Amino acid sequence: MATSMLLALLATIPLVPIISLWLVKVLTRAIGWSLESQGRDRRAAIVAKIEKDRNAVAEGHNLFPDVEDGWEKIESTGSAENGQPLRDSWSGIVGFFHPFCNAGGGGERVLWAAIAATQRRWPNAICAVYTGDHDIDRSVLVSTVKNRFNITLQEHSLVFIYLSRRRFVLASTYPSFTLLGQSLGSMFLAYEAFQLLVPDIFIDTMGYAFAVAFCKYLFPKIPTAAYVHYPTISTDMLESLDDTTGGKGMHSGAGTGLKGKGKKNYWRIFARLYGWVGRQIDVVVCNSTWTQGHIMQLWKPKMESSSFATIIYPPCPVEELQAKIKVTPESEKARDECVLYIAQFRPEKNHSLILRSFAKYYHNSRSKVKPKLVLIGSVRANTPDEKHIYKLRLEARELKINDATTFICDAPFLVILEHLQKCSIITNGMYSEHFGIGNVEGLAAGLIPVVHNSGGPKMDIVVPYEGEIIGYLAETDQEFAEAFEKVASLDAQKRYAMRLRGRASTERFTEAVFAKKWIEQMDKLVQMQSSR
Ligand SMILES: *[C@@H]1O[C@H](CO)[C@@H](O)[C@H](O)[C@H]1NC(C)=O
Ligand SMILES: *[C@@H]1O[C@H](CO)[C@@H](O)[C@H](O)[C@H]1NC(C)=O
Ligand SMILES: *[C@@H]1O[C@H](CO)[C@@H](O)[C@H](O)[C@H]1NC(C)=O
């Protein structure tokens with residue numbers, strides 16, 4: 001009797017993980033349900049307020065005066081009828097989880113561009129931004145975004161939901177186990193977000209994958225998405241622990257000894273957890289091939305679907321450069337044999353490699369007009385950058401190219417524009433740069449890229465366009481020097497054609513293409529939401 005009971009008990013052991021997972025599901029669902037019912041009135045109030053504002057704005061105004069200026073060009077390729085962009089009547093709330101939205105950097109540009117595209121496609125939708133910045137004034141922000149990024153937001157259907165527990169995602173809150181701490185902290189922050197407003201679609205734009213998975217558990221019916229700029233833990237990091245050459249960054253070789261072993265195991269476990277979390281997200285978008293590669297490895301989707309981890313490049317100000325800089329046979333005559341490198345003066349940008357390469361090219365050049373090198377970059381005050389640029393100047397002197405080399409620190413945009421107009425080659429010396437927006441700007445301005453044969457410049461930017469090359473890849477100073485010479489000695493006609501091709505290829509990075517691709521992904525989420 002007793003033995004058979006014991007046996008029966010033993011037989012249930014394999015069920016324990018299943019049962020506990022089931023318990024977690026039931027529990028989170030109950031919490032989600034209670035969040036939803038507690039927040040129902042507040043949600044209704046927000047919706048009502050926006051309806052009212054919308055009606056006020058709509059009276060006598062054309063809500064979308066800019067329909068004429070090119071928007072329908074993007075839209076009509078897909079769902080438009082009789083030439084009019086299809087403006088869907090879907091009216092849900094899209095929640096953007098972006099705790100640091102005042103930072104004004106590249107990540108914010110993506111956020112605002114995504115919101116602007118969403119608002120145009122679904123004018124009745126409400127875009128809610130969960131932020132920890134409490135001092136945001138909506139109308140000031142709308143005009144800042146307009147001035148800074150040239151992105152037009154519809155003010156009345158944009159709401160800010162202010163979070164007060166942002167410290168839970170700050171690295172400084174967790175002296176040890178930072179990754180895990182921040183990730184669990186983001187769930188805590190997301191919980192606060194849902195207490196304030198439960199959206200119909202939830203999108204993370206800052207890399208808080210744990211918050212998105214948590215949303216999925218609380219509200220299984222809410223479609224979720226993540227725009228990933230950078231994986232929380234990268235496979236490079238995991239590998240660097242075993243590295244003994246010391247050449248792989250700050251964690252290099254840290255995987256030895258007892259402490260190192262512990263760290264290694266912690267990172268491995270975290271990477272597994274991160275992978276599991278990532279697989280809960282419905283729509284995953286990456287900002288580059290580099291990020292996509294890492295996300296594919298870490299999140300290992302069950303079904304190899306081509307739609308997992310789509311790449312949508314962040315919008316670059318390509319249109320503006322194309323408008324401001326001419327690439328014509330006349331402008332071609334005004335260009336000097338000048339190599340341009342736009343990058344912060346920091347060691348990893350490897351200006352030294354470019355100096356040595358240029359020196360080889362310069363001293364071997366037999367052309368009448370000697371080539372020039374222009375280095376433009378920012379120098380962060382009171383940092384080792386200042387010493388770094390001093391060393392670079394010395395190196396230029398030693399290489400006997402100081403007369404041909406110009407260093408420009410913290411150049412205003414107009415000065416950059418002038419050099420983009422005048423130079424012939426854009427270069428980049430950094431190993432495995434994730435992207436390098438300077439290369440895109442150079443291409444858009446008609447410069448021919450000679451870039452490091454690695455990272456984003458190789459995978460995303462200097463790739464053949466319509467089957468023909470638009471620039472050159474190099475690794476050693478010899479290869480760089482040869483590539484510079486190759487561009488300089490190209491037949492004028494061919495060189496001009498290459499400039500035009502390069503410029504045309506930057507179409508991939510425009511705001512218009514970003515908007516089109518963003519809407520494709522949003523459309524999936526809206527479909528999911530409507531069918532649930
Ligand atoms: C993607 O995001 C990372 C982190 O912000 C950044 O370093 C990289 O340049 C971005 N890639 C693109 C294509 O903008
Ligand atoms: C701002 O965007 C509009 C429309 O997208 C474009 O026509 C205009 O040239 C842009 N202005 C600048 C300064 O980039
Ligand atoms: C710069 O490039 C050279 C040649 O590829 C390489 O040996 C060196 O380590 C690089 N320096 C830095 C700081 O990346």
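Fair warning: this is a prediction, and the values are worked out from it, not measured in the lab. Whatever order the structure lists them in is the order used to number ligands and atoms, beginning at 1. Excluded from the calculations below are hydrogen atoms, water molecules and symmetry mates; all remaining heavy atoms, backbone and side chain alike, are included.
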Item checked: Whether H351 and Y341 hold their rings parallel, tilted or perpendicular, with breakpoints at 30° and 60° -> tilted
Next item on the list: Classify the angle between the aromatic ring planes of Y162 and F160 as parallel (below 30°), tilted (30 to 60°) or perpendicular (above 60°).
Entry: parallel
Next item on the list: Please check if a non-hydrogen protein atom sits closer than 4.0 Å to atom 2 (O) of ligand 3.
Entry: yes
Notebook entry, point to check: Of the protein's non-hydrogen atoms, which lies at the shortest distance from atom 12 (C) of ligand 3, and what is that distance?
Noted result: N350 ND2, 3.4 Å
Notebook entry, point to check: Is any side-chain N of the basic residue among K524 and D282 closer than 4.0 Å to the acidic one's carboxylate O?
Noted result: no
Notebook entry, point to check: Looking at atom 10 (C) of ligand 1, what's its closest protein heavy atom, distance included?
Noted result: N287 ND2, 2.5 Å
Margin query: Taking the basic N atoms (NZ, or NE/NH1/NH2) and the acidic carboxylate oxygens, is any pair closer than 4.0 Å for E386 and R380?
Written below: no
Next item on the list: Would you please classify the geometry between the F308 ring and the W299 ring as parallel, tilted or perpendicular, with 30° and 60° separating the classes?
Entry: perpendicular
Margin query: Testing the 3.5 Å rule here: is there a donor-acceptor pair between the side chains of E441 and T506?
Written below: no
Check: So which heavy atom in the protein is nearest atom 4 (C) of ligand 3, and how far is it from that ligand atom?
Finding: L353 CD1, 4.0 Å
Next item on the list: Pull out every atom of ligand 3 sitting under 4.0 Å from any heavy atom of E475, numbered as shown with elements.
Entry: 5 (O)
Notebook entry, point to check: With respect to atom 14 (O) of ligand 1, which of P314, G436, C286, G207 exhibits the smallest heavy-atom separation?
Noted result: P314
Next item on the list: Could you check atom 5 (O) of ligand 1 against the protein and tell me its nearest heavy-atom contact, residue, atom and distance included?
Entry: H229 CB, 4.0 Å
Notebook entry, point to check: Got a protein heavy atom sitting under 4.0 Å from atom 7 (O) of ligand 3?
Noted result: no
Check: How are the rings of Y361 and F484 set to each other: parallel, tilted or perpendicular (split at 30° and 60°)?
Finding: tilted
Checklist line | Sub-4.0 Å atoms of ligand 1 with respect to non-hydrogen atoms of S288 | finding: 13 (C)
Next item on the list: List the closest protein heavy-atom neighbour of atom 9 (O) of ligand 1: residue, atom name, distance to the nearest 0.1 Å.
Entry: F435 CB, 3.4 Å
Notebook entry, point to check: Any idea how F168 and F188 line up, ring-wise: parallel (<30°), tilted (30 to 60°), or perpendicular (>60°)?
Noted result: perpendicular
Notebook entry, point to check: Out of curiosity, is E348 lining ligand 3, as in a heavy atom under 4.0 Å away?
Noted result: no
Notebook entry, point to check: Can you list the ligand 3 atoms lying under 4.0 Å from a non-hydrogen atom of P347?
Noted result: 13 (C)
